Amino acid sequence: MRTINSNSTKRFSLVLILFTFVLFVRFFDGTVNQINATMLAFSYKYGFISRGLIGTIYAALNRILPFDMMNYTWTYRFTLAITLVYYVILISFLVFCLKKCRKEQAESMRYLAILFLMFAVPMFCCQFNFGRLDVYCVMLSLIGAALLIAGRFEWLLVPIAALGVMVHQGNVFMFLNIILVLTLYKALSQKEKERKKYFRLFLFCFMIASVLFLWFELFSHFNGTNIYDDIVAKASALCENGEYHADVIDHEILGIDLTDREMTWRIFNIIQYPIFIVAMLPYLVIAIKFFRGLLGKAQDKLEKWKYFFIIAGAGTILPDILLKVDSGRWIFSIICYYFVILLSLLAMKDPLIEQQAQESLAAIKRHPGSILLLIYPFLFQPLGDVYICNITEWIGKFLNNYLLHWCNGNLLY
């Protein structure tokens, strides 16, 4: 087995760092919006409430450090520091995967890494998602994937799964699938004794995430009216100009259903999802051919099930797509899943993934102008929250306001 030259890895690491810096400078908006700043006001001081972990850590730092952090200036500084930590973990994961893969797969790895960075870097430095709780969930899933690739300290996946849901219960639909699918993949790839170990690990991760999700969704609002005013006061202090996000407090603390408030955005999602799908058709065609070829190479029923779970794993986001409105976040979770899964399986030296990656790359390179596939995604950056991206926003508003008239146009500007 040939490994990748260390000098080559170092050079590509510098490329990743430079590319991350360029993307950050280009898309950094330098502001923490209302919802992301408000999240720091939630803490376990008020009980085991949903989305309370990061606010608890922030409150602990405020008690330990010799200065007052309960203001927007420190909200911004803390968010910037966490975002830089995210970039370090992201680049470290990509370099780790490159080091672990066979030399023959290095080119595929590099293309996947560059494309993933193009989405993953702007996502969490733009005004919509700078400080978004999703960034912590992505970091935890990247660490979990690295543990599974290395085959070490894998018991940590259980607390990682729990922490992800404590950060944001929506992680059960968004990024936990990376850990669950890779664990299931390893279970189906091992012999009897090891297979039981990974099935147990999968079950423990699934169960603890499910129990925590049910608690936060159904039972964590019992003291909401008593703590509401205190949380609003803290959120006002932490947000720029005191403008906190009332909807997220109403939902997470009081348990109020926001369906009526979000109806305009649900309707708008029906407009913008098809726009994004059409825009991404070149990549969808490549993905369909890749996964169809992968299933075709599977030799027996067990192997076919293994790759079926890999292909279908992103389907956990469907409840969010159907019931919630942050379409940009849902799209990123799908993109993140497939990139991290493919990078991880190449690093694990899965033979069918390797073979299919080689064939797909060769087929792509035969087409003139294939290099444009590396540039084209730049047009759709950054992914947002309610709007998928600027292009879906602009085209969607145009279609709605001049043709469809499904939404109140005044609400979309």
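Fair warning: this is a prediction, and the values are worked out from it, not measured in the lab. Keep in mind that the numbers below use all heavy atoms, side chains included, and drop hydrogens, waters and symmetry copies.
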Undergrad: Given the side-chain rings of F309 and W305, with only the six-membered ring counted for Trp, is the space between their centroids under 6.0 Å?
TA: yes
Undergrad: Would you indicate whether M207, at its atom CE, is surrounded by more than 12 heavy atoms from other residues, nucleotides or ligands within a distance under 6.0 Å?
TA: no
Undergrad: Can you give the donor-acceptor pairs under 3.5 Å from side chains of residues 13-22 to other protein atoms, not counting sequence neighbours?
TA:
{"from": "S13", "atom 1": "OG", "to": "T9", "atom 2": "O", "distance (Å)": "2.8"}
{"from": "T20", "atom 1": "OG1", "to": "L16", "atom 2": "O", "distance (Å)": "2.8"}

Undergrad: Would you say the ring centroid of F216 lies under 6.0 angstrom from that of F48?
TA: yes
Undergrad: Centroid-to-centroid, F332 to F124, below 6.0 Å?
TA: yes
Undergrad: Please verify the inter-ring angle class for F339 with F116; under 30° counts as parallel, over 60° as perpendicular, anything in between as tilted.
TA: parallel
Undergrad: Quick check: closest heavy atoms across H251 and K324, and the distance to 0.1 Å?
TA: NE2-NZ, 4.5 Å
Undergrad: Can you confirm whether more than 12 heavy atoms, excluding those of K197, are under 6.0 Å from its NZ atom?
TA: yes
Undergrad: Check the pair F276 / Y387 against ring pair (Phe, Tyr, Trp, His ring centres under 6.0 Å), numbers first and verdict last.
TA: CA-CA 11 Å; F276 191 76; Y387 298 122; over 10 Å; no
Undergrad: List for me each residue that meets salt bridge (Lys or Arg N to Asp or Glu O under 4.0 Å) alongside D29, sequence neighbours excluded, and say none if there are none.
TA: none
Undergrad: Assess whether atom CZ of F204 is packed by more than 12 heavy atoms of other residues, nucleotides or ligands within 6.0 Å.
TA: no
Undergrad: In terms of relative ring orientation, are F268 and W265 parallel, tilted or perpendicular, with 30° and 60° separating the classes?
TA: perpendicular
Undergrad: Only pairs under 3.5 Å count here: list side-chain donor-acceptor contacts from residues 175-183, not counting sequence neighbours, and write none if there are none.
TA:
{"from": "N177", "atom 1": "ND2", "to": "G313", "atom 2": "O", "distance (Å)": "3.3"}
{"from": "N177", "atom 1": "ND2", "to": "T316", "atom 2": "OG1", "distance (Å)": "2.9"}
{"from": "T183", "atom 1": "OG1", "to": "I179", "atom 2": "O", "distance (Å)": "2.7"}

Undergrad: Report yes if the distance between the aromatic ring centroids of F380 and Y376 is under 6.0 Å, otherwise no.
TA: yes
Undergrad: Any chance the side chains of E393 and Q272 put a donor and an acceptor closer than 3.5 Å?
TA: no
Undergrad: So that I know where these two stand, are F130 and F28 an aromatic pair - ring centroids less than 6.0 Å apart?
TA: yes
Undergrad: Ring-plane angle category for W215 and F219, please: parallel below 30°, perpendicular beyond 60°, tilted otherwise.
TA: tilted
